[in-house]
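The block underneath contains the structure these notes are about, expressed in structure tokens.
Proteins come first, then strands; the chains are lettered A, B, ... in the order of their sequence lines, and each starts at number 1. Remember, predicted model here, so these are calculated numbers, not experimental data.
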2 protein chains.
Amino acid sequence: MKIGELSAATGVSVRSLRYYEDQKLLTSIRLDNGYREYSPLAIEQVQTIQLYLTLGLSTEQISSFLHCVLKNKEAFCAEVLPIYERKLKEIDDRIVELTQLRTNLIDRIRSIRDEQS
Amino acid sequence: MKIGELSAATGVSVRSLRYYEDQKLLTSIRLDNGYREYSPLAIEQVQTIQLYLTLGLSTEQISSFLHCVLKNKEAFCAEVLPIYERKLKEIDDRIVELTQLRTNLIDRIRSIRDEQS
DNA sequence: ATAAACCCTGACATCAATGTCAGGGTCAAG
DNA sequence: CTTGACCCTGACATTGATGTCAGGGTTTAT
């Protein structure tokens, strides 16, 4: 499968597929003409990468456990849990931050409205 | 007041003060030697800028109403409210997004823990 | 054989406030 | 007069996945 086909099959841009390879998330062999050739398994692999990206993980984090997850169930990859937990803490912290901002903004909006009425 | 003094008085770096001027948030006059000279009012002005930055507004947004806010109370500046409301919506959207991500992560963490026990 | 559709690499742009460095002028105290 | 502490401008770096373009080779269908 050539890169354009993999892109069509996954909805991921050609640019991104090359980037994933750069980041060691995806491998391909090269044909004599220099074109990348992908195994059919690459489709599932790309979908897995996308899944982790939408979870907010970085390519670096993904690369640290992807080799394992592609062979086993997540639960058997010891690297996954700590990364999930770190990410969860990041998200919780960020939600707290945004919530405080939100409260502050709402107060200020109310003040303006009150002064105008 | 020279830029270093303003920086000391506000806790804002010299680099940032120059940037604010670039972005039309702050003005200064120039002495014969090319140095910036600030009025004592600049201290309060910088603190006001900082306040809006911590609310998550961009320098561009701030510059759109700062001239008004420095002269009047916020409530009399018609430009402020719509910007606050837009920002509030952004924050709410982001909180929803993060909350979904959070739920997803928690589910995955639980699955892993369940499978291991 | 030619054109369209693919593929390749390398590089710059995005967002935005701030850090940092280089190269150079100014001022104040000893 | 020298040294250290300021000040100036201009420019590159940061973050990170992706878009986009240039310049050039390959393949495929007509």
Is [X] salt-bridged to [Y], going by a charged N under 4.0 Å from an acidic O?
X: Asp107(A); Y: Arg110(A); answer: yes
X: Arg30(A); Y: Glu37(A); answer: no
X: Lys87(B); Y: Glu90(B); answer: yes
X: Asp93(A); Y: Lys89(A); answer: yes

Would you say that [X] contacts [Y] through its side chain, given a criterion of any heavy-atom pair below 4.5 Å between the two side chains?
X: Lys2(B); Y: Arg36(B); answer: no
X: Leu26(B); Y: Gln45(B); answer: yes
X: Gln23(B); Y: Tyr20(B); answer: no
X: Tyr19(B); Y: Thr59(B); answer: yes

Using whole Å, report how far [atom1] of [X] lies from [atom2] of [N].
X: Leu26(B); N: dA17(C); atom1: CG; atom2: P; answer: 15 Å
X: Ile62(B); N: dA17(C); atom1: CD1; atom2: P; answer: 8 Å
X: Glu21(B); N: dG10(D); atom1: CD; atom2: P; answer: 12 Å
X: Leu25(A); N: dG16(D); atom1: CG; atom2: P; answer: 14 Å
X: Glu90(B); N: dC15(C); atom1: CD; atom2: P; answer: 14 Å
X: Leu31(B); N: dG25(C); atom1: CG; atom2: P; answer: 19 Å
X: Asp32(A); N: dC7(C); atom1: CG; atom2: C1'; answer: 14 Å
X: Ile49(B); N: dT18(C); atom1: CD1; atom2: C1'; answer: 15 Å

**Fill in**
Readout for nucleotides 17-22 of chain D: B = base within 4.0 Å of protein heavy atom, S = sugar-phosphate only, - = neither; 5' to 3' it is BBBB--
**Message:** Could you report the tightest heavy-atom contact between Leu98(A) and Ile91(B), atom names first, then the distance?
**Reply:**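 Smallest heavy-atom distance, with atoms named: O-CG2, 3.7 Å.
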**Request:** Please name the pair of heavy atoms, one in Ile95(B) and one in Thr99(B), separated by the smallest distance, quoted to 0.1 Å.
**Result:**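 That would be O-OG1, 2.6 Å.
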**Request:** Classify the nucleic acid contact of Arg18(B) as base, sugar-phosphate or nothing, counting any heavy atom under 4.0 Å across all strands shown.
**Result:**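 Answer is base: heavy atoms of Arg18(B) come under 4.0 Å of a base.
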Donor-acceptor contact present, side-chain [X] to main-chain [Y], <3.5 Å:
X: Glu115(B); Y: Ile112(B); result: no
X: Ser7(A); Y: Ile3(A); result: no
X: Thr48(B); Y: Glu44(B); result: yes

**Item:** Single-linkage hydrophobic cluster Leu70(B)~Leu55(B), side-chain heavy atoms < 4.5 angstrom
**Value:**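 Yes.
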**Prompt:** What are the residues of residues 93-105 of chain B, sorted by number, that bring a heavy atom to within less than 4.0 Å of DNA chain C?
**Reply:**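 The answer is none.
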All N/O donor-acceptor pairs, side-chain side in residues 78-85 of chain B, below 3.5 Å, sequence neighbours left out:
{"residue": "Tyr84(B)", "atom": "OH", "partner": "Arg108(A)", "partner atom": "NE", "Å": "2.8"}
{"residue": "Tyr84(B)", "atom": "OH", "partner": "Arg108(A)", "partner atom": "NH2", "Å": "3.4"}
{"residue": "Tyr84(B)", "atom": "OH", "partner": "Glu74(B)", "partner atom": "OE1", "Å": "3.4"}
{"residue": "Tyr84(B)", "atom": "OH", "partner": "Glu74(B)", "partner atom": "OE2", "Å": "2.8"}
{"residue": "Glu85(B)", "atom": "OE2", "partner": "Arg113(A)", "partner atom": "NH2", "Å": "2.3"}

**Prompt:** Should Arg36(B) be listed as having a side-chain N or O under 4.0 Å from OP1 or OP2 of dC8(D)?
**Reply:**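 Yes.
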Output one line per pair: protein atom, nucleotide atom from nucleotides 25-29 of chain D, and distance, for all N/O pairs under 3.5 Å.
{"residue": "dG25(D)", "atom": "N2", "partner": "Tyr35(A)", "partner atom": "OH", "Å": "3.0"}
{"residue": "dT26(D)", "atom": "O4'", "partner": "Tyr35(A)", "partner atom": "OH", "Å": "3.3"}
{"residue": "dT27(D)", "atom": "OP1", "partner": "Asn33(A)", "partner atom": "ND2", "Å": "2.8"}

Nucleotides 28-30 of chain C: which of its N/O atoms have a protein N/O under 3.5 Å away?
none

**Item:** Axis deviation across the helix from dA1(C)-dT30(D) to dG30(C)-dC1(D), five-pair ends, to the nearest 10°
**Value:**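 The two end axes of the helix from dA1(C)-dT30(D) to dG30(C)-dC1(D) meet at 30°.
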**Prompt:** Side chains of Glu21(A) and Ser28(A): do they bring a donor and an acceptor to under 3.5 Å?
**Reply:**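 On atom types as modelled, these side chains qualify, holding a pair under 3.5 Å.
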